[in-house]
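Just so you know, residue 1 is the first one in the sequence shown, and it goes up from there.
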Amino acid sequence: MKILFVDSCLRENSRTKILADRLLQKIIAENPSAKIEEIQLQKANLKPLNAELLQKRDVLLQAGKTDDEFFEFANQFAAADKIVVAAPYYDLQFPSLLKIYLENICVCGITFKYSEQGIPVGLCHADELIYVTTAGGYLGNYNLGYDYLRNLCQMFFAITKQRLIAAEGLDIYGNDPEQILREVCAKENI
């Protein structure tokens, strides 16, 4: 089993990363032969798609060169059996590096294709994507980052199972963030 861990945490001692690490430990304990491939987005050489990069992508795709290093992240995503995304809650969604990553992996012919009717058909192997997040306040119904990624999974990637693990209210005066994290770990059995 190949587990892809997409780490968009930016802070040292990130509470989101702590939760994600606990989850990964549990997955490995249940699947000892599993291999984790980790991408730390702040260390990855990701660039937002601009006119030049879109043209390069189109030329490579027209030439059938989907194995080019340009598509490294898309191929890695498509080949994973399970995906864990660690994404702190920023401004109703997630860090901008994750958006750049997502636009780089949405590649027709690698992570999805179009049917003859023009409907996206997913090409990813993962059976599940688990989205791990933490927030200083309360999310309510406004976790637009998870909603966006969940919709990509359903509409483009054919990853039928998505799960959210969230610890909220960590920075509210009077709350005990360590206790909240322990409660989330107990609830999620991680």
Side-chain angles (χ1 to χ4, degrees), residues 1-44 46 73 76-102 105 124-155 157-190:
M1 172 189 284
K2 286 194 279 189
I3 302 162
L4 177 60
F5 175 42
V6 181
D7 178 5
S8 68
C9 300
L10 303 174
R11 295 184 177 153
E12 197 170 320
N13 301 316
S14 162
R15 297 177 294 203
T16 303
K17 177 87 166 56
I18 290 168
L19 277 181
D21 286 343
R22 292 280 305 267
L23 172 64
L24 291 168
Q25 289 169 5
K26 178 185 181 204
I27 293 170
I28 291 296
E30 293 173 350
N31 305 281
S33 63
K35 303 286 185 229
I36 297 175
E37 294 180 31
E38 181 176 350
I39 303 170
Q40 293 179 337
L41 294 184
Q42 67 178 325
K43 293 180 181 177
L46 285 166
F73 296 117
Q76 183 183 43
F77 190 90
D81 297 308
K82 186 177 294 289
I83 300 166
V84 174
V85 176
Y89 186 71
Y90 286 12
D91 306 322
L92 301 181
Q93 56 176 330
F94 44 64
S96 61
L97 283 173
L98 183 54
K99 174 60 174 127
I100 293 168
Y101 172 78
L102 293 171
I105 66 164
C124 295
H125 297 287
D127 62 354
E128 180 179 29
L129 182 136
I130 305 169
Y131 187 90
V132 181
T133 192
T134 59
Y138 295 105
L139 304 177
N141 293 323
Y142 296 102
N143 193 340
L144 304 179
Y146 173 66
D147 293 342
Y148 174 70
L149 191 49
R150 182 174 44 88
N151 283 310
L152 278 177
C153 285
Q154 292 170 355
M155 296 174 64
F157 301 145
I159 301 173
T160 56
K161 185 176 178 187
Q162 308 86 38
R163 190 168 102 190
L164 172 65
I165 297 175
E168 306 177 31
L170 298 174
D171 296 332
I172 302 295
Y173 180 76
N175 284 357
D176 180 350
E178 298 305 317
Q179 179 61 29
I180 293 169
L181 290 173
R182 283 192 298 274
E183 288 171 3
V184 169
C185 287
K187 176 184 168 210
E188 298 293 339
N189 194 26
I190 56 174

Asker: Is the closest side-chain heavy-atom distance between K82 and D127 below 4.5 Å?
Answerer: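 The answer is yes; the side chains approach within 4.5 Å.
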
Asker: Do L164 and I130 have side chains that get closer than 4.5 Å, going by heavy atoms?
Answerer: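 L164 vs I130: side chains apart.
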
Asker: Looking only at heavy atoms, what is the nearest atom pair of A34 and I3, with distance?
Answerer: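 Looks like CB-CD1, 3.7 Å.
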
Asker: Less than 4.5 Å apart, side chain to side chain, heavy atoms only: is that true for Q93 and Y148?
Answerer: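 Sidechains of Y148 and Q93: no contact.
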
Asker: So, do F157 and I105 sit near enough that their side-chain heavy atoms are less than 4.5 Å apart?
Answerer: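 Of all side-chain heavy-atom pairs linking I105 with F157, at least one is under 4.5 Å.
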
Asker: Using every non-hydrogen atom in the two residues, find where I172 and G137 come nearest and quote the distance to one decimal.
Answerer: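 Shortest heavy-atom contact: CD1-CA, 4.1 Å.
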
Asker: Quick one, N143 and R150 - any side-chain contact, counting heavy atoms below 4.5 Å?
Answerer: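 The answer is no; the side chains never approach within 4.5 Å.
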
Asker: Just how far is it from atom CD1 of I18 to atom CG of L23, taken to the nearest 0.5 Å?
Answerer: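 Here the interatomic distance stands at 14.0 Å.
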
Asker: Would you call the rings of Y146 and Y131 parallel, tilted or perpendicular, taking 30° and 60° as the class edges?
Answerer: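 Answer is tilted, since the angle falls between 30° and 60°.
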
Asker: At their closest point, which heavy atom of E38 faces which heavy atom of D7, and how far apart are they?
Answerer: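 Scanning both residues, the minimum pair turns out to be OE2-OD2, 3.7 Å.
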
Asker: Between the main-chain N or O of C9 and the side-chain N or O of S14, is there a donor-acceptor pair closer than 3.5 Å?
Answerer: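 Not at all, since once roles are kept as given, no pair shorter than 3.5 Å links the two residues.
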
Asker: Are L10 and L97 side-chain neighbours, meaning at least one heavy-atom pair lies under 4.5 Å?
Answerer: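 Yes - at least one pair of side-chain heavy atoms lies under 4.5 Å apart.
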
Asker: Side chains of L149 and V85: does their closest heavy-atom pair fall under 4.5 Å?
Answerer: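 Yes, at least one pair of side-chain atoms sits under 4.5 Å.
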
Asker: Answer yes if the side chains of Q76 and E37 hold a donor-acceptor pair under 3.5 Å, and no otherwise.
Answerer: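 Their side chains do contain a donor-acceptor pair, which is all the 3.5 Å distance test asks for.
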
Asker: Determine whether a donor-acceptor pair (N or O, by modelled atom type, separation under 3.5 Å) exists between the side chain of E168 and the backbone of L139.
Answerer: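 Yes; at least one donor-acceptor contact below 3.5 Å.
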
Asker: Going by distance alone, is a donor N or O of one side chain under 3.5 Å from an acceptor N or O of the other, for R22 and Q25?
Answerer: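 No, no side-chain donor-acceptor pair sits under 3.5 Å.
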
Asker: How many angstroms lie between CD in Q40 and NZ in K17, if you round to the nearest 0.5 Å?
Answerer: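 So the gap between those two atoms works out to 6.5 Å.
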
Asker: Can you give me the closest heavy-atom contact between H125 and A79, atom names plus distance?
Answerer: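 Nearest heavy atoms, H125 then A79: CD2-CA, 3.7 Å.
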
Asker: Any sub-3.5 Å donor-acceptor pair from T133's side-chain atoms to Y89's backbone N or O?
Answerer: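 Flag set: sc T133 to bb Y89 pair under 3.5 Å.
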
Asker: Return the CZ to CG distance between R15 and L181, rounded to the nearest 0.5 Å.
Answerer: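 These two atoms lie 7.0 Å from each other.
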
Asker: Relative to each other, are the rings of Y101 and F77 parallel, tilted or perpendicular (30° and 60° limits)?
Answerer: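 Taking F77 first and then Y101, their aromatic rings stand perpendicular (interplane angle over 60°).
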
Asker: Considering all heavy atoms of both residues, which atom of I180 and which atom of G169 are nearest to each other, and what is their separation?
Answerer: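 In this case the closest contact between I180 and G169 is CD1-O, 3.6 Å.
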
Asker: My understanding is that only one of I36, I83, I39, V132 makes a side-chain contact (heavy atoms from CB on, under 4.5 Å) with F5; could you say which?
Answerer: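 So, applying the side-chain contact (heavy atoms from CB on, under 4.5 Å) to F5 and each of I36, I83, I39, V132, only I36 qualifies.
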
Asker: Is a donor on one side and an acceptor on the other found under 3.5 Å between the side chain of D176 and the backbone of Q179?
Answerer: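 Yes.
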
Asker: Report the distance from atom CD1 of I159 to atom SG of C124, rounding to the nearest 0.5 Å.
Answerer: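 If I round to the nearest 0.5 Å, the distance is 4.5 Å.
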
Asker: Closer than 4.0 angstrom, basic N to acidic O: yes or no for K35 and D81?
Answerer: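 Looking at K35 and D81, the cut-off is not met.
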
Asker: Working to the nearest 0.5 Å, report the span between CG of L129 and CD of Q162.
Answerer: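 The distance works out to 7.0 Å.
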
Asker: Around K26, counting heavy atoms of other residues, nucleotides and ligands shown, do more than 12 lie under 6.0 Å from its NZ?
Answerer: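 More than 12 within 6.0 Å, yes.
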
Asker: Find the distance between SG (C153) and NZ (K161) and round it off to the nearest 0.5 Å.
Answerer: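 That separation rounds to 13.0 Å.
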
Asker: Any side-chain heavy atom of L19 sitting closer than 4.5 Å to one from C185?
Answerer: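 L19 vs C185: side chains touch.
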
Asker: Which heavy atom in A86 sits nearest to a heavy atom in A20, and how many Å separate them?
Answerer: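 Nearest pair, atom of A86 first, then A20: CB-CB, 3.8 Å.
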
